[in-house]
Amino acid sequence: MESKPLERWRTTISLIVDHPFFINTIMVVILINAVIVGLETFPAIYQNNEFAFYAADRVLLWIFTIEIVARLAGSRPVFSYFKSSWNWFDFIIVLSGHVFAGAHFVTVLRVLRVLRVLRAISFIPSLRRLVDALLMTIPALGNILILMGIIFYIYGVIGTMLYQDIAPDYFGSLGDALLTLFQVVTLESWASNVMRPVMELSPSAWIYFVSFVLVGTFVIFNLFIGVIVNNVEKAEDTGEKEHPTEVKDQQFYELQNEVRELKQLLLEEKQRRAE
């Protein structure tokens with residue numbers, strides 16, 4: 001059981017790190033980090049101010065470090081901080097900045113500085129839910145990807161059989177056909193650059209291309225969108241359910257502290273009467 005001063009100290013730290021001003025300040029620091037990383041891509045600016053960029057990066061890294069330490073100190077218990085995958089992400093990104101500090105890891109450090117910009121997601125609940133929904137979508141997309149692969153393979157083989165001789169650049173082999181179909185499914189100049197040149201030698205080719213666009217683009221892509229939208233709704237429902245749980249946990253800790261203080265008062269009153 002923690003002592004009363006330590007409990008009050010942890011409560012104060014928790015209130016500070018959850019305060020909107022603190023969160024907005026860290027967001028500003030993240031944006032400053034993003035601007036600095038962007039300026040480093042300009043050789044003329046970076047070469048003339050290399051030390052200033054290094055010093056700014058060190059300051060920003062220690063600000064993030066202090067923030068992580070404060071969140072750890074304010075968590076009750078401490079290991080509860082690591083229950084969130086986003087907290088793990090923040091912790092690893094900041095820790096990596098210290099681990100890879102050195103001349104031999106300049107490229108790694110620059111990549112990590114860019115990744116710090118992703119920390120903005122962990123501070124914005126709506127973005128967190130969106131990313132969670134996308135991650136939830138990955139397993140569900142497996143069957144859709146298999147279906148899409150089958151459709152690509154069938155159309156690729158058919159295209160090679162029908163148009164290998166008249167359009168070898170597009171359908172000379174199965175690999176060329178699959179690459180051509182990928183261009184078609186993106187709808188990037190597929191009609192003018194692919195379909196019409198083939199139709200000049202095979203007028204019925206429009207049936208092949210139009211059917212593939214209808215199946216590959218409109219049907220498959222709509223399945224993708226449907227799965228993503230469904231998981232976004234699930235993530236939002238999960239977020240709404242988790243928020244009241246956090247509130248209840250906070251109320252439980254506050255009630256526990258009040259009971260502890262009440263027991264202490266009763267004990268002091270009992271000792272005073274005994275005297």
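Basis for what follows: all heavy atoms, side chains included, without hydrogens, waters or symmetry-related copies.
- Heavy-atom minimum distance, V184 versus T217: O-OG1, 4.4 Å.
- Rounding to the nearest 0.5 Å gives a distance of 12.5 Å between CG of L15 and CZ of F22.
- A 4.5 Å side-chain heavy-atom check between D18 and R71 finds at least one atom pair inside the cut-off.
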TODO: Test side-chain contact (heavy atoms from CB on, under 4.5 Å) on V157 and L174 and set out the steps.
DONE: CA-CA 6 Å; V157 172; L174 180 60; 4.0 Å; yes
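- Between atom CG of residue D57 and atom CG of residue N33 there is a gap of 7.0 Å, rounded to the nearest 0.5 Å.
- The minimum heavy-atom distance between A70 and V17, with the atom names listed, is CB-CG1, 3.7 Å.
- The two residues M195 and W206 have their closest heavy-atom pair at SD-CA, 4.1 Å.
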- [ ] Step by step, work out the side-chain contact (heavy atoms from CB on, under 4.5 Å) result for F53 and Q47.
- [x] CA-CA 10 Å; F53 280 107; Q47 292 174 1; over 6 Å; no
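- Below 30°, between 30° and 60°, or above 60°: for Y208 and Y155 the angle between ring planes is between 30° and 60°, a tilted geometry.
- The line from CG of L223 to CD1 of I144 is 5.0 Å long, rounded to the nearest 0.5 Å.
- D90 is listed as a side-chain neighbour of I68, based on a closest heavy-atom distance under 4.5 Å.
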TODO: Tell me, with the steps shown, if V213 and F218 meet side-chain contact (heavy atoms from CB on, under 4.5 Å).
DONE: CA-CA 7 Å; V213 168; F218 298 114; 3.8 Å; yes
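- V94 and W62 end up in different hydrophobic clusters when Ile, Leu, Val, Met, Phe, Trp and Tyr side chains are linked at under 4.5 Å.
- Contact detail for G74 and S14: the closest heavy-atom pair is O-CB, 3.5 Å.
- Residues F212 and I151 have side chains in contact (heavy-atom distance under 4.5 Å, counting atoms from C-beta outward).
- To the nearest 0.5 Å, the span separating CG on L179 from CZ on F152 amounts to 10.0 Å.
- Proximity of the aromatic rings of Y81 and F91 is defined here by a centroid distance below 6.0 angstrom, and this criterion is not met.
- Ring pair W190/F209 is tilted by interplanar angle, where 30° to 60° counts as tilted.
- V35 and V117 fall into different hydrophobic clusters, where Ile, Leu, Val, Met, Phe, Trp and Tyr are joined by side-chain heavy atoms under 4.5 Å apart, directly or via other members.
- If you chain together hydrophobic residues whose side chains sit under 4.5 Å apart, F64 and I66 never meet in one group.
- Note on F51: it does not cluster hydrophobically with L61, by side-chain heavy-atom contacts below 4.5 Å among ILVMFWY residues.
- Note: the hydrophobic cluster containing F89 does not contain V69 (ILVMFWY, side chain heavy atoms under 4.5 Å, direct or indirect links).
- A distance of 10.5 Å separates OG1 of T65 from CG of L60, quoted to the nearest 0.5 Å.
- The environment of F82 atom CZ is dense: over 12 non-hydrogen atoms of other residues, nucleotides or ligands sit within 6.0 angstrom.
- Between R196 and E200, no side-chain nitrogen of the basic residue sits less than 4.0 Å from a carboxylate oxygen of the acidic one, so the salt-bridge criterion is not met.
- Across all their heavy atoms, Q183 and E188 have their closest contact at NE2-O, 3.3 Å.
- A pairwise comparison of heavy atoms in I26 and I63 identifies CD1-CG2, 4.4 Å as the closest pair.
- Remark: of the listed residues V198, V194, V185, V194 is the sole one forming a side-chain contact (heavy atoms from CB on, under 4.5 Å) with T180.
- A distance of 14.0 Å separates CG in N48 from CZ in F42, rounded to the nearest 0.5 Å.
- Within 6.0 Å of the CE atom in M27, the count of heavy atoms belonging to other residues, nucleotides or ligands exceeds 12.
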- [ ] Evaluate the criterion side-chain contact (heavy atoms from CB on, under 4.5 Å) for residue pair L147 and N143; output intermediate values, then yes/no.
- [x] CA-CA 6 Å; L147 175 61; N143 292 331; over 6 Å; no
